[in-house]
Number of protein chains: 2
Amino acid sequence: MKKPDKRGDILQAALELIAAQGFHGAPMSEIAAKAGVAAGTIYRYFSNKDDLIAEIYQTLEETMIEAILEESSGGRPVRERFLALQRVSIKYFIAHPLHFRFMEQFFNSPYGDKMRRDNLLGKPGKNNLLIGIFSEGLAQRILKDFPLPIIFSLATGPMMFMMRDHVFGFITLDDALVERTTEACWDAIRR
Amino acid sequence: MKKPDKRGDILQAALELIAAQGFHGAPMSEIAAKAGVAAGTIYRYFSNKDDLIAEIYQTLEETMIEAILEESSGGRPVRERFLALQRVSIKYFIAHPLHFRFMEQFFNSPYGDKMRRDNLLGKPGKNNLLIGIFSEGLAQRILKDFPLPIIFSLATGPMMFMMRDHVFGFITLDDALVERTTEACWDAIRR
DNA sequence: TCGGGATGAATGAACGTTCATTCAAGACGG
DNA sequence: CCGTCTTGAATGAACGTTCATTCATCCCGA
């Protein structure tokens with residue numbers, strides 16, 4: 001009758017608790033309770049809490065990349081590709097606020113710090129797309145002559161802040177607003 | 001010979017530990033050790049850890065506002081006032097990376113969440129300056145017609161991201177770069 | 001000698017993690 | 001087809017650790 005996907009239940013419960021309360025508002029005991037499982041059962045599927053968290057992250061990253069990649073049209077101009085990617089990213093997060101909150105928590109934690117350092121060495125994921133677009137824009141002198149991380153900050157920083165305001169209900173990002181803010185970010189980086 | 005300012009020592013030790021390791025890498029016992037004080041002594045000056053943290057926040061906020069307010073030239077054009085304020089904010093954080101790291105931790109925690117909600121009701125601090133400038137820019141139709149929180153995100157988001165990259169050593173923000181990134185933010189919000 | 005500041009061992013709560021035990025469901029021999 | 005054995009997922013009480021916080025005691029200047 002039911003599908004006893006305990007592993008999935010645990011992942012989902014942990015995601016929801018962490019997104020809502022942060023890593024420290026999500027003790028294993030509560031995750032277990034929310035998943036309808038005993039505390040010890042979690043360790044049948046994950047070797048420890050860090051492992052559980054890392055697995056959530058990887059799952060989300062894959063899902064996001066998949067959702068965003070579809071929108072990645074190849075040969076179009078840099079501007080259009082940037083706008084499309086930015087737009088679809090924002091819309092993904094609006095549609096999946098839990099994912100956004102989790103990612104936010106994740107990147108503002110020791111986990112995220114380590115990941116940042118790793119990414120320096122260049123084995124990134126979704127960022128590859130943006131980096132590719134930016135590199136091309138830089139080469140074509142369409143973008144301001146900034147180091148990549150700065151272009152990245154100019155484009156991504158506002159998005160994260162706006163998403164947070166949206167998730168917390170301080171603003172409401174409708175389609176029109178998404179479009180206009182995306183273009184505002186383009187104004188910041190375009191030459 | 002020395003000044004036995006235990007209270008100040010405790011605040012400073014806590015600031016340094018929290019900035020470097022986060023709230024959870026800063027147990028009271030270590031704060032006490034670093035301040036050259038016994039664990040129990042902290043409770044003579046602060047009623048609990050939350051109180052200690054809140055006090056650090058308030059101290060930093062006051063210090064920052066004071067440092068930034070000096071730069072607040074009154075009657076100049078909106079653009080110049082924005083650039084000056086942004087510039088001086090970035091430079092303040094570059095000069096005080098501990099303050100930046102603490103603020104970052106603070107705002108990405110339950111403490112910061114509560115503060116955000118409070119700020120909605122409008123008893124803010126340094127933000128007042130920015131809000132004043134933005135309101136004026138909006139009224140004069142110099143800025144794009146966005147809700148205030150979005151203008152805020154467009155201006156502040158990149159700064160925070162860049163500061164983090166700078167503090168972590170991924171980029172180096174020299175004067176020239178600060179100037180140019182500040183203008184890039186202006187491009188994002190100006191009409 | 002007196003009194004408040006300082007001490008740090010003690011306390012108890014909150015966690016992550018472990019492990020002895022349970023038990024439903026398949027395997028198997030007769 | 002039945003009864004018994006085996007398996008391993010699931011359980012949750014218990015453990016060890018980490019902390020914030022307390023308080024009996026000590027220290028020291030006046």
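Just so it is clear: chains get the letters A, B, ... in the order the sequence lines come, proteins before strands, and each one is counted from 1. Keep in mind that the numbers below use all heavy atoms, side chains included, and drop hydrogens, waters and symmetry copies.
Using modelled atom types, one finds no donor on one side chain facing an acceptor on the other under 3.5 Å when comparing B/Gln58 with B/Glu62.
For A/Arg44, whose side chain is taken as the heavy atoms from C-beta onward, the closest listed nucleotide among C/dA6, D/dA9, C/dT17 is D/dA9. Candidate nucleotides D/dA20, D/dG12, C/dT7 were compared by shortest atom distance to the side chain of B/Thr41, and C/dT7 ranks first.
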Original post:
A/Glu183 and B/Lys144: salt bridge (Lys or Arg N to Asp or Glu O under 4.0 Å), yes or no, with the steps?
Top reply: CA-CA 11 Å; A/Glu183 300 216 354; B/Lys144 292 179 178 126; over 6 Å; no
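Where A/Tyr43 and B/Gly36 meet DNA chain C, the nucleotide closest to each residue was compared, and B/Gly36 sits on the side nearer the 5' end. Of the two residues near DNA chain D, A/Val37 and B/Pro27, the one whose nearest nucleotide lies more 5' is A/Val37.
Atom pair B/Ile18:CD1 and D/dC19:P shows a separation of 14 Å (rounding to whole Å applied). Between the CZ atom of A/Phe23 and the C1' atom of C/dC15 there is a distance of 16 Å, rounded to whole Å. Atom pair A/Asp50:CG and C/dC15:P shows a separation of 16 Å (rounding to whole Å applied). Atom CG of A/Asp9 is separated from atom C1' of D/dA9 by 15 Å (rounded to the nearest Å). Rounded to whole Å, atom P of D/dT21 lies 18 Å from atom OH of B/Tyr45. Nucleotide C/dT11 holds its C1' atom 16 Å from the CE atom of B/Met28, rounded to whole Å. The CD1-P distance, from B/Ile31 to C/dG8, rounds to 17 Å in whole Å. The distance from atom NZ of A/Lys6 to atom C1' of D/dA9 is 8 Å, rounded to the nearest whole Å.
Between B/Phe100 and B/Phe93, the ring planes lie perpendicular to each other; the angle is over 60°, past the 30° to 60° tilted range.
Just one residue in the list A/Phe23, A/Tyr57, A/Phe102 forms a ring-ring contact (aromatic ring centres under 6.0 Å, His included) with A/Tyr111, and that residue is A/Phe23.
Phosphate proximity of D/dC19 to B/Ser29: absent, as no side-chain N or O sits under 4.0 Å from OP1 or OP2.
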